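Read through the structure below, which is laid out as structure tokens, and then see the notes.
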Amino acid sequence: MSGYIANEIEAKWQAAWNNAEVFKATRDESKPKYYVLEMFPYPSGRIHMGHVRNYTMGDVIARFKMSTGHNILHPMGWDAFGMPAENAAMAIGGHPKTWTYDNIADMRAQMKPLGLSIDWSREFATCDPEYYGQQQAMFIDMLGKDLIYRKKATVNWDPVDMTVLANEQVIDGKGWRSNAEVERRELTQWFFKISDFSEELLSALDGLENWPEKVRTMQANWIGKSRGLQFAFDLTTPTAGFDDIEVFTTRPDTLNGANFVGISPDHPLAKALEADSPEVAAFVDECRRMDTTEAAMEKAEKKGFDTGLTVQHPIYPDQTLPVWIANFILMGYGTGAIFACPAHDQRDLDFSRKYDLPVVDTFFALDNDTAVENTAFVPPKTEPVKWVNHFAGLDVATGQEAIDTTIDWCEAKNIGKGVTQFRLRDWGLSRQRYWGCPIPVVHCDTCGVVPEKKENLPIELPFDVSFDIPGNPLDRHPTWRDTPCPSCGKPAKRETDTMDTFVDSSWYFARFTSPHAKTPTDLDDAAYWMNVDQYIGGVEHAILHLLYSRFFARAMNITGHLPEKAIEPFNALFTQGMVTHEIYQTADAKGRPVYHLPEDVDLDTKTVTATGEALKIIPSAKMSKSKKNVVDPMSIIESYGADTARWFVLSDSPPERDVEWTASGAEASHKFLTRIWGLCDRIGKMQGGKASEDDALLRAMHHTITDVTAGIEGFAFNTSIAKIYGFANTLSKSDASQPTQKMAVKVLAQLMSPFTPHLSESIWAHQDGEGLITLAPWPVADPAMLIDDTVTLPIQVNGKRRSEIKVPADMPKDEVEKIALADQAVVKALNGGSPKKVIVVPGRIVNVVI
RNA sequence: GCGGGUGUGGCGGAAUGGUAGACGCGCCGGUUUUAGGUACCGGUUCCUAUGGAGUGAAGGUUCAAGUCCUUUCACCCGCACCA
């Protein structure tokens, strides 16, 4: 055995796996199937450490499951539509399609040397017409099942570039290129009826036992089920055709503390008032200049406009409340109108103090009836409080009891009705962009909006477009829009909106089961391979991507593209932490941020290497292509090999945690692998050894098998690796006999094989292992070798460790107690007295309480 | 702002409520080496050290708390057109 030259052995074993087609997935009813999927990448052009970490994790699972007798599906593809391709076309010329496919080729070439156990014959990109054509077919099917509809919705509009902006492209309320004040504009857009599934998507979360609790909680909060009261405030003077204002509240119990009724700037009444009043128009206009993001809305200063209108209190008819338009009320939630109760809602209180509106306490803490000043009293709904003159007769009750009582009371009095409300909104899928899946509908003057005929699919994107001016090139293409109406045949126009890229990623997992089918899925293949047994990806996808995929699986079931069992497509989910890195920023002539890749900067002088510009270094954040804070793993692979890179990305930090990338440490991983190689070589050449040392080595080996296996199964790869280090140290110091050492190093190679498959193959071959280690069955620990005869028990005095004793593992408690009390340290601490209490936890600890 | 998470030596981190700091990096010392590096062996939480303190901070529950509870601080993720 010569030295460890990673590049040589890695190419050799990858070729061997290829020739034996060991990773090709074929249906085999004789074995349990196991579908491992990592969230597929966006083809930015370069792989980064986050990718290496993500795919290595999936690979460890896939290889481990393969060696425990499973039939594996482990595919890879490309989430290839999206804005960066268009931005690149605008910035550097060229075409999004060539840019994207070139990037895919580059990234594939960087991924293949990692030696991942991927069935590359199933690879596809979402921008392949074969893929998005099937997506169009599903769109038509879903339209037929009433799962899609059109309505008006607000977008960010850049009045200078005359284009719709993504939230990401709005910086401090201004367009990222034009720097113009962004406006909100209403467009008619397509929507998936995901809100019809609110209850179902919420209740089904309970069944997702192998999902992280935090993800289920986040989804549940996002769906946001709440029960409340819907009722109307009658306007004292009917105005603009409105007699009343319908409101929804989750706290009807606080109705006697109401001090104003607030409506959204987008409320129909606000729009009606706007027409007659320049003041209203000015205020509403100002509100419409806000960012459309919820975070921006919530953080913005709370502002209101008194309409001068008043409404009657539904319970105390002689009371009237003013009607305000307020910028923090969302039209999309509830009825777009609320009543405020400042004593028990901080936002309402701040608003009321600002505009000098009265504050009425409706309940107090049991032991404190100080009136609310500048901090609203908002106890948990489970805490009993004292009610003041409550209309429903409440005295002492919790918030939840009060809500329930009040809803019943209001229903009985015909004031309103209890309703269940969800926060989840329908999913707007229209995008006014080129590089996405065209929405397959046609607008006909005679027939209206008509779905395209399936035989005309795919509706392909035209290639002859330019990106020299902003806006959607499909809109200004000379001929692409022209098409006969699928219904009447008269000349008509295609829809030029394309689909949200979340649509592409909401069903790719299903397509992998049959990537070349002439229908979206093949039901036999889907029935065999679904569900994904282990899905792995970033926690940043905890809500949107995963919720949309859960919806899509249901929609695909309804349209006949997935079996019933696949409506929850991911049996188990693991959310890995992100790889973070510092961000290097400069500014352009207009003061807008420009980002630089780590390899393009000089950290000693803190400048951009090429231009010498001074850098601003921003603390670590998620590696992202837009911030360019990405590290290229290729240099490690080139200098040390894929096994070192794989070992390194999993060795030091727990997979679910963020990891700050630092260059040091890769070398150490390589040293360890070289050491293992040398160890294997030495054992191959050694003779003799002491059979008396065999038992100790074998015991260590069986413990290691148990611990490494548990680490892999529990996604604690870093602890598996630590145990491998420990066993390697034991083995290298062992004097055990040659056959035992040989067996031990083979087991070591097997335990390492999911992490360092190439090195492991070489060791296996060198030690006369049979066939490929990749196909060898996983070692199983002998339970008899795990039981130790004696145990070391720490002795605590009052919870502090003072000593330890060695006792037989099966010694009865009272015997252990006697030995512990006779221990020098305990005798000294007792100082002639007797202990108050002695706690003996068998096999773990003894605590003497004095 | 709302929702979710994280916080332990110089660093990455380990620890079914039961010996805090496994394993690795770095550092220190030694052996080998012409030297450097490599390799190997030993040490390495801190302090006023026969003892004491210690898991972001403060309090609590417990025989026993990094782990459970309360309050608080800092950072990270998501917030519906980034993927």
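Within every chain, numbering begins at 1; the chains are lettered A, B, ... in the order of the sequence lines, protein sequences first and strands thereafter. As the structure is a computational prediction, the values presented were derived from the model and not from experiment.
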- Query: If each of A:Gln189 and A:Lys837 is mapped to the nucleotide of RNA chain B with the nearest heavy atom, which maps nearer the 5' terminus, i.e. the 5' end?
  - Reply: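 By nearest-heavy-atom nucleotide position, the 5'-most residue is A:Lys837.
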- Item | Nearest-nucleotide comparison on RNA chain B, the residue closer to the 5′ end among A:Val215 and A:Thr293 |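 It is A:Val215, whose closest nucleotide lies nearer the 5' terminus.
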- Pick out which of A:Tyr4, A:Trp647, A:Phe648, A:Trp677 makes a ring-ring contact (aromatic ring centres under 6.0 Å, His included) with A:His670.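 The single option meeting the ring-ring contact (aromatic ring centres under 6.0 Å, His included) with A:His670 is A:Tyr4.
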- Task: Have a look at B:rA39 and give me syn or anti from its glycosidic angle (syn if within 90° of zero).
- Result: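 That one's anti.
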- For B:rG9, does the glycosidic angle fall within 90° of 0 (syn) or outside that (anti)?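 Here the answer is syn: the torsion falls within 90° of 0.
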Of the listed nucleotides [options], the one nearest the side chain of [X]:
| X | options | value |
| --- | --- | --- |
| A:Thr719 | B:rA14, B:rC82, B:rG4 | B:rA14 |
| A:Met218 | B:rG3, B:rU19, B:rC82 | B:rG3 |
| A:Gln796 | B:rU19, B:rA83, B:rC81 | B:rU19 |
| A:His541 | B:rG24, B:rA83, B:rA14 | B:rA83 |
| A:Ser653 | B:rA83, B:rG78, B:rG12 | B:rG12 |
| A:Lys671 | B:rA39, B:rC63, B:rC79 | B:rA39 |
| A:Asp79 | B:rA83, B:rC23, B:rA20 | B:rA83 |

Using the [atom1] atom in both, what is the distance from [N] to [M], to the nearest Å?
| N | M | atom1 | value |
| --- | --- | --- | --- |
| B:rU70 | B:rA65 | C1' | 15 Å |
| B:rC11 | B:rA57 | P | 14 Å |
| B:rU48 | B:rA35 | C1' | 43 Å |
| B:rU45 | B:rG24 | P | 15 Å |
| B:rC73 | B:rG26 | P | 39 Å |
| B:rG66 | B:rA15 | P | 15 Å |
| B:rU32 | B:rC40 | C1' | 8 Å |

- Item | Pair of N/O donor and acceptor under 3.5 Å linking B:rC63 base with A:Asn847 side chain |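 Looking at the base of B:rC63, it does pair with a donor or acceptor on the side chain of A:Asn847 (distance under 3.5 Å).
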- Below 3.5 Å, does any donor atom in the side chain of A:Glu540 face an acceptor in the base of B:rC79, or the other way round?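 Counting by modelled atom types and ignoring angles, no donor-acceptor contact under 3.5 Å is found here.
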Under 4.0 Å between any heavy atoms, over every strand shown, what does [X] touch: base, sugar-phosphate, or nothing? Just pick one.
| X | value |
| --- | --- |
| A:Val846 | nothing |
| A:Ile721 | nothing |
| A:Trp427 | nothing |

Any side-chain N or O of [X] less than 4.0 Å from the OP1 or OP2 oxygen of [N]?
| X | N | answer |
| --- | --- | --- |
| A:Arg433 | B:rC82 | no |
| A:Arg431 | B:rA83 | no |
| A:Asn87 | B:rC82 | no |

- Name all stems that contain residues of RNA chain B, defined as runs of 3 or more consecutive Watson-Crick or G-U wobble pairs, both distances under 3.5 Å.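 Ordered by first number, the stems with RNA chain B (at least 3 consecutive pairs each) read B:1-7 with B:73-79, B:10-12 with B:23-25, B:26-31 with B:39-44, B:45-47 with B:51-53, B:56-60 with B:68-72.
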- Query: In chain order, what residues pass the side chain to side chain donor-acceptor pair (under 3.5 Å) check against A:Ser803, with sequence neighbours excluded?
  - Reply: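 So A:Ser803 forms a side chain to side chain donor-acceptor pair (under 3.5 Å) with A:Asp823.
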Quick one: do [X] and [Y] make a salt bridge, cutoff under 4.0 Å?
| X | Y | value |
| --- | --- | --- |
| A:Lys193 | A:Asp426 | no |
| A:Glu294 | A:Arg423 | yes |
| A:Asp350 | A:Lys354 | no |

Show the atom names and distances, to 0.1 Å, of all donor-acceptor pairs under 3.5 Å that link a side chain in residues 837-850 of chain A to residues at least two apart or in another chain.
unit_1, atom_1, unit_2, atom_2, d
A:Asn847, OD1, A:Gly799, N, 3.0

- Message: Please verify the inter-ring angle class for A:Phe81 with A:Tyr132; under 30° counts as parallel, over 60° as perpendicular, anything in between as tilted.
- Response: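 Rings of A:Phe81 and A:Tyr132: tilted, 30 to 60°.
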- Minimum heavy-atom distance between A:Ile194 and A:Trp427, given as atom pair plus value: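 So the minimum-distance heavy-atom pair works out to CG2-N, 3.7 Å.
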- Query: Think A:Arg150 forms a cation-pi with A:Trp190, using NZ or CZ under 6.0 Å from the six-ring centre and within 45 degrees of its axis?
  - Reply: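 Yes, A:Arg150 and A:Trp190 form such a contact.
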